[in-house]
Amino acid sequence: MWKDLSDLLWQAYEQFGFLPLFIQIALIFIGLAILATLVAYGSILFRRWQGYVYEKRVNFITPKIEDMITEQVLLNEQLGSVPVDDIEFDPVPLSDKIYKKPWVRQIVIDVLIQYRKNFRGEVGDLLRKLYIDMGLPKDSFDKMKTLKWERKIKAVMELTQMDIPISDVTILPLTNSQNPSLRAAARNAYIQLSKNDPFKFFDIATEPLLPWDQLDMFRIITTTKDIQIPNFSRWVSYSTNKSVVSFCLKLIAHYDQKSAIPAVMDLLNNKDHYFRADAITCLGKLSAEMAEVRLVKIYDHQPLICQIEILRAVGQIASGKYLEFLKHEFSYSSNFDIRMNAARAIINHDSDESRVIVNELMNTTYEENRIIIKHCLNPLIK
Amino acid sequence: MANILVVEDDEIMLKAIKNILSKDGYNVILAKNGKEAFDKLEHADYDLVLSDLMMPYANGLEVISRLRNDPAKKHVSIIIVSSVGNEETITEAFRLGADDYLKKPIMAGELLIRIRKLLANRTVRHSL
């Protein structure tokens, strides 16, 4: 049978040269397509087989690792009576040859992290000690040296979860990586691990802080214990990275850093109006009374987005000095958003004077404006 | 020896809590979700239920609600152990009848103390 097949192929090969050119090209393409399909199926099957083998191994080894952690950490007799740093692990289970295999060590790291997410205090500290005593930080640091970004992210997250310091030389370049995911993971790790200057990477950040990264970073900053909060005006004044400045403005407002007001006011001269809008928002949230006169002065020359932010800021500062300005904007502006925000700003003052103006406007203004005031007066509408 | 039902969808956490509580002498029964918890509650009496909030099939709030609305199981103490930290959910858990709340990551020692305290209060209430 094989001989017949080889004869057939040989005959086809001999006749190939006599076939018309377009048939030859078509046959070549058919051959290549069949080959590519076989390679693709082969690689899919191979990867599935690899996944299956790995899953089998994980299912086999995980209970053993969990038992080891339970014995060494959760049921450790010394826990509670001896300081965590002085607790010695039973060397027999740890010296098992199986824990020398890289894939087993990786599963140990994954399980330890899972435990550490659920336990803090002495148990959490003892889990960290086990990670260190098993020499697992080296595995994580080795992963950081690979070229694959997803492995680097995994390594950064492992070290962060286990609270293992990473040297600036290693982590700082990653905070500026071209890869957004790696960059975000490295920045978050830096904030959590750096005890003295967790925002140092702002100094060298040339890549943008994406909105989602800012959200994630904000969560980490506000939930990490004992974090050193610097004066963010430093970056507002000197950083050339717009997203860093914009993020710092939000942090200044959140931490109510009134000493940053002069630096924020300097941004009112910036050519980028989105930037100016962020600065105005920040000044409003800081209730920066010293900035109010400047905000009102520049109002007429600003685009709509900045004008709206100025009205909001004046409403938040609520010094009462610019009620007439707000009344004027409410009464004479043709833009709905301006009138709405001017009305809100007047009402936000919540003073006798502002109430007199609101009453006066309700009696004198036309129907649409009255509806706006009623809408703004409704405490259920934010 | 008090009977404790632990309801938790994370298997690692489930085993870890079982080990911690068993070491302290409690009789621990495990359930991987709210539905399994309902089945186990039907067939045995428990002194305390330790439940997660976010679980498949039936969440922790439903577990509390079911326990508190059943006159035969009203006496069971409930501790919620969850990573959910928003005030609304915690308030809702207490409104439905949870006795205590622990936010993950937890401290093993603190968990044991709270369980002991709740069970002791329960005993005092019964003797009165």
Side-chain angles (χ1 to χ4, degrees), chain A residues 55 58-84 87 90 93 106-131 157 160-163 192 218-220 222-225, chain B residues 1 4 6-33 49-56 59-60 79-90 100-117:
Chain A
E55 203 176 308
V58 170
N59 290 340
F60 167 73
I61 202 73
T62 306
K64 190 177 158 73
I65 293 170
E66 283 175 11
D67 289 346
M68 182 270 287
I69 295 173
T70 303
E71 285 299 322
Q72 300 283 350
V73 180
L74 299 177
L75 303 182
N76 196 312
E77 294 295 335
Q78 300 169 70
L79 206 64
S81 52
V82 179
V84 170
I87 292 177
D90 182 359
Q106 184 54 54
I107 298 170
V108 174
I109 294 175
D110 293 342
V111 175
L112 277 172
I113 285 173
Q114 197 63 28
Y115 271 93
R116 222 173 118 84
K117 276 182 188 166
N118 288 312
F119 290 98
R120 61 192 166 92
E122 286 195 325
V123 172
D125 293 343
L126 199 57
L127 289 165
R128 181 178 181 270
K129 190 173 187 299
L130 182 62
Y131 174 77
M157 289 174 117
T160 312
Q161 285 285 344
M162 285 296 164
D163 203 14
Q192 282 169 285
F218 188 81
R219 179 185 60 78
I220 289 168
T222 48
T223 53
T224 304
K225 264 187 177 177
Chain B
M1 189 168 62
I4 299 180
V6 183
V7 195
E8 167 72 63
D9 60 337
D10 177 354
E11 283 198 38
I12 286 185
M13 184 65 171
L14 198 65
K15 277 189 198 166
I17 292 181
K18 181 186 164 64
N19 287 323
I20 291 168
L21 300 185
S22 303
K23 189 186 167 191
D24 219 46
Y26 297 110
N27 181 28
V28 185
I29 312 295
L30 306 177
K32 285 178 195 163
N33 54 57
V49 171
L50 202 72
S51 175
D52 189 7
L53 273 183
M54 310 291 276
M55 292 180 296
N59 64 30
I79 299 182
I80 292 294
V81 179
S82 174
S83 52
V84 177
N86 68 63
E87 278 178 31
E88 290 86 2
T89 317
I90 300 170
D100 210 342
Y101 185 93
L102 275 171
K103 191 178 181 309
K104 286 184 196 168
I106 60 166
M107 286 167 76
E110 187 186 357
L111 173 70
L112 288 172
I113 289 169
R114 292 200 189 205
I115 288 175
R116 274 178 220 145
K117 215 166 183 182

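Computation of the quantities below employed the complete heavy-atom set of this structure, encompassing side-chain atoms and omitting hydrogens, waters and symmetry-equivalent molecules. Every value quoted in this text rests on a predicted model; they were computed, and no experiment measured them. Throughout, protein chains are lettered first and strands after them, A, B, ... in sequence-line order, and every chain is numbered starting at 1.
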- Can you tell which part of A/Asp67 gets under 4.5 Å to a heavy atom of chain B, answering side chain, backbone, both or neither? neither
- Note on the structure: For residues 115-123 of chain A against chain B, heavy atoms under 4.5 Å, the residues are A/Tyr115, A/Arg116, A/Lys117, A/Asn118, A/Phe119, A/Arg120, A/Gly121, A/Val123
- Item | Minimum heavy-atom distance between A/Glu66 and B/Ile12, given as atom pair plus value | OE2-CG1, 3.4 Å
- Message: If the condition is side-chain hydrogen bond (donor to acceptor under 3.5 Å, both in side chains), which residues does A/Lys64 pass it with, not counting sequence neighbours?
- Response: A/Asp96
- Message: So for atom NZ, which belongs to A/Lys129, do other residues, nucleotides or ligands contribute more than 12 heavy atoms lying within a distance under 6.0 Å?
- Response: yes
- Under 4.5 Å from a heavy atom of chain A, the part of B/Glu11 involved: neither
- Of the listed B/Glu110, B/Lys15, B/Lys23, the one with the largest count of heavy-atom pairs under 4.5 Å with chain A is B/Lys23
- Task: Decide yes or no for A/Gln114 and B/Asp10: does some side-chain heavy atom of the first lie under 4.5 Å from some side-chain heavy atom of the second?
- Result: yes
- Give, for atom CG of B/Asn19 and atom OG1 of A/Thr70, the distance between the pair rounded to the nearest 0.5 Å. 4.5 Å
- Message: Please report the interatomic distance OG(B/Ser22) to CG(A/Leu75), rounded to the nearest 0.5 Å.
- Response: 8.5 Å
